[in-house]
Amino acid sequence: MKKELFMIIIMFSLFGCVSSPKTQISNPSFETGDLSGWIAEGEAFTDDVITSKITYGPHNRFFEHEGQYHLHGAINASKTGTLTSSTFRITNTGYISFLIGGGANYNLAYIGLYDAKTDEELSRRHNTMFDDPTHTDGYVRVIWDVSDLMGQDVYLKIVDNDTSDYYSYLNVDDFRINLTEEELAHFQVDALVRLGHPAEGYELEAINRYISMNAWKIDESLKMNYHVTGQIGWINDPNGFVHFNGQHHLFYQHNPKDVVWGPMHWGHVVSDDFIKWEYLPIALAPNKPYDSEGAFSGSALDIDGKLYLFYTGNIPNRQVQAIATSTDGINFIKYEGNPVIDETTLPPHASAVDFRDPKVWEKDGMYYMVVGSRQVQNNYGQILMFRSENLTNWDYHGTLYQGTSATFDKLGYMWECPDVFKLGDRYVLIMSPQQVPGHRNYNSTVYVVGDLNYETGELENIDYHAIDEIDYGFDFYAPQTMVDDQGRRIMVAWMQSWNREPVTAHLGFSGFMTLPRVLDLEDGKLIQRPVPEIKNYRQNKTTAQFSITNRTRSIEGMEGDSKEILLTLIPDGSRAGIKLFVGDNEETLVYYEDGHIVFDRTNGTNGRINSEAINNITRVPVELIDGAVELRIFLDKYSVEVFINGGQRVITSTVFPSQNAQGIEFFTQGTASFIVETYDIIVD
Ligand code: FRU
């Protein structure tokens, strides 16, 4: 007993005071900004090869290094030498990982692992990607299994014996020694993502990585001031507009890798007040057999603290409806039983090809879904209604509303992006018909007021003559609504339309959202008012009141491209209005003429918006109230939104003024009186 205790004390004092072997190397990612902790021999590795430079080559491609610094051996390209790490013992999974670029001649340029006692080379790795021209200097990740050396003391050596002039150097970064199981899993994903052709299941990581590596290239000062746009690339329809966990969430159709429509993802922003938005990671990527050609538009629902997304999976010759859920409102998991509705549930009169954009709501414990559809026999649009008790099993319930030859003039063919909601004591259907004949917007948006019969799934008591356009401008499509935490019905739309040249594509981003608007139904008419939260961003109030006859005038200090303008116009001549974005030979006009408000961007786009045969002038009938018309106009860098007479009519359009076209002027033919109040809208 005594002897055993003695032995334990001896052993403890022998090993207890010996410092345990290191399991990490010094300065593994060169974050000291120099070669501290490494031993350099020869001339290839000097302190100045450690750099924080982020791009390489004539096209400014990204190294995609980690942290601030990395080792950019190209600085001493023709030199030779070695760089030796501190010693470490192999433990955990026995995996090592690092980033490598360059090193074309891998017999001469490689990373070796050496026995710390004998200096014998045990294993080596090189850049297997060097001969793919897209990967020579961009980092790829090496995952290195050295578990057969478990427990041994070793060191790494970066070897460069290449004196040629063809990628005869090594770039390295981010050595990770003795990975845990969790780290190994993480870096295996990173390795796949870095290859740019991510294996199935990693598409979301890859696209989010693409955004984080590239979005900074977009000049933020050229983006809108208070309208949502993508971080980089293309956006279209608003999707999944919902209040969840105390915040307003807005998703959108998104092709981050290009400024034109392409593989559809769901981009994601959140806001506390509908005005100031923050980007979140991409929520959905097209990565399943049932959505391989795009995660198309849809909606969201908060069900007992779980966020459900309902979207269309686009696949060749078919569209199906699918679900994804999230508990944190950021990371979404696609439902294993997807798709939840496919062509087998469709009634015979519905096309399986044009079957998209589910909007879901709950009533009395039952879930209802409306989906945009096309009738097989005549191509006219229709809205289908489905019903479910549990969100996963859906039955076809009825055809909510159906186009006929009689509605063709107003409602065209296929109807996209339906939304159905109660407003006051009636139901409103909003939708986006395609191919409306002779319309200034071939793709239009309309609202239909009726009563919803939940038994038959039909919208009844529709007055066809009361069906009206939601917006009278050029750029308003695919609107979607949500109910917020104050019970308000809020609508947002894509502030663009199809077949138009996106105004800012050359700046690396294209497509915007409208200002969110509160909806009301008054005398059967849809009334839209900008969310009142916008008032919190007003600054620099300017006012003026005057009458002018046959002339143009400006007001001292009243100018800018991020503004709210409140204008009461009392016309007493043939034409009276306001000129916006006035510059040398350019202006956008909003004026009253002969019972109409006219919007004219003929000289307001620098020739950028001409791709559809449109004349850039739109007019909407208005009534003077006590001889006056009230305009509330919002300007942002590339947009004008005109709310007429308290939101009875709205004109929403993009413009493309020169950057210095900041003037605001008032003009008349004949006489008119003006009462004006303006603010800068400043969101930082
Ligand atoms: C409407 C739309 C939708 C579709 C989406 C695809 O603009 O055509 O019907 O889901 O865009 O991006």
Side-chain angles (χ1 to χ4, degrees), residues 207 230 233-241 250-268 282-286 290-300 309-324 339 341 350-360 369-374 379 381-384 403 411-419 429-436 439 441-446 470-471 474-481 491-500 502 510-514 612 652 654:
I207 198 72
W234 163 276
I235 72 168
N236 56 287
D237 313 357
N239 295 155
F241 196 27
L250 174 64
F251 301 81
Y252 44 84
Q253 290 285 280
H254 192 15
N255 180 20
K257 286 193 164 175
D258 208 338
V259 289
V260 293
W261 189 85
M264 280 294 110
H265 298 72
W266 276 39
H268 190 185
I282 300 285
L284 299 177
Y290 54 82
D291 63 15
S292 57
E293 303 282 304
F296 274 18
S297 286
S299 56
L309 304 183
F310 305 89
Y311 71 101
T312 296
N314 190 43
I315 34 185
N317 300 319
R318 235 154 38 101
Q319 293 181 329
V320 297
Q321 314 316 321
I323 294 182
I341 308 182
S351 153
V353 181
D354 287 313
F355 172 48
R356 56 182 175 270
D357 312 331
K359 172 79 195 229
V360 177
M369 179 193 286
V370 282
V371 187
S373 168
R374 177 171 59 79
N379 293 333
Q382 62 186 353
I383 305 298
L384 304 179
L411 300 178
Y413 287 121
M414 168 69 192
W415 297 346
E416 299 187 308
C417 300
D419 193 351
L429 159 67
I430 64 175
M431 60 183 187
S432 301
Q434 293 184 308
Q435 303 175 35
V436 182
H439 195 282
N441 297 324
Y442 199 44
N443 301 280
S444 170
T445 54
V446 294
I470 303 175
D471 195 284
F474 294 111
D475 297 289
F476 185 93
Y477 198 68
Q480 186 174 106
T481 72
M491 176 179 71
V492 69
W494 177 34
M495 192 154 56
Q496 196 176 298
S497 199
W498 292 108
N499 307 325
R500 301 273 159 75
S510 51
F512 322 106
M513 293 296 158
T514 63
E612 204 176 79
T652 302
T654 57

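Hydrogens, waters and symmetry mates are skipped; everything else that's a heavy atom, side chains included, is used. In each ligand, atom 1 is the first atom listed, and ligand 1 is the first ligand listed.
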Inset, instruction - For residues Gly240 and Gln480, report the shortest heavy-atom separation together with the two atoms involved. - result: N-OE1, 3.1 Å

Legend entry - 4.5 Å side-chain heavy-atom contact, Thr514 and Met491: no

Legend entry - Set of residues that line ligand 1, where lining means a heavy atom lies under 4.0 Å from it: Asn236, Asp237, Gln253, Trp261, Met264, Phe296, Ser297, Arg356, Asp357, Glu416, Cys417, Tyr477, Trp498

Inset, instruction - Indicate, with yes or no, if the rings of Trp261 and Phe296 have centres closer together than 6.0 Å. - result: yes

Legend entry - Salt bridge Asp357-Lys359, side-chain N to carboxylate O under 4.0 Å: no

Legend entry - Distance-only donor-acceptor check, side chains Asp471 and Thr652, under 3.5 Å: yes

Inset, instruction - Identify the two heavy atoms, one from Arg500 and one from Asp475, that lie closest to each other, and give their separation to 0.1 Å. - result: NH1-OD1, 3.9 Å

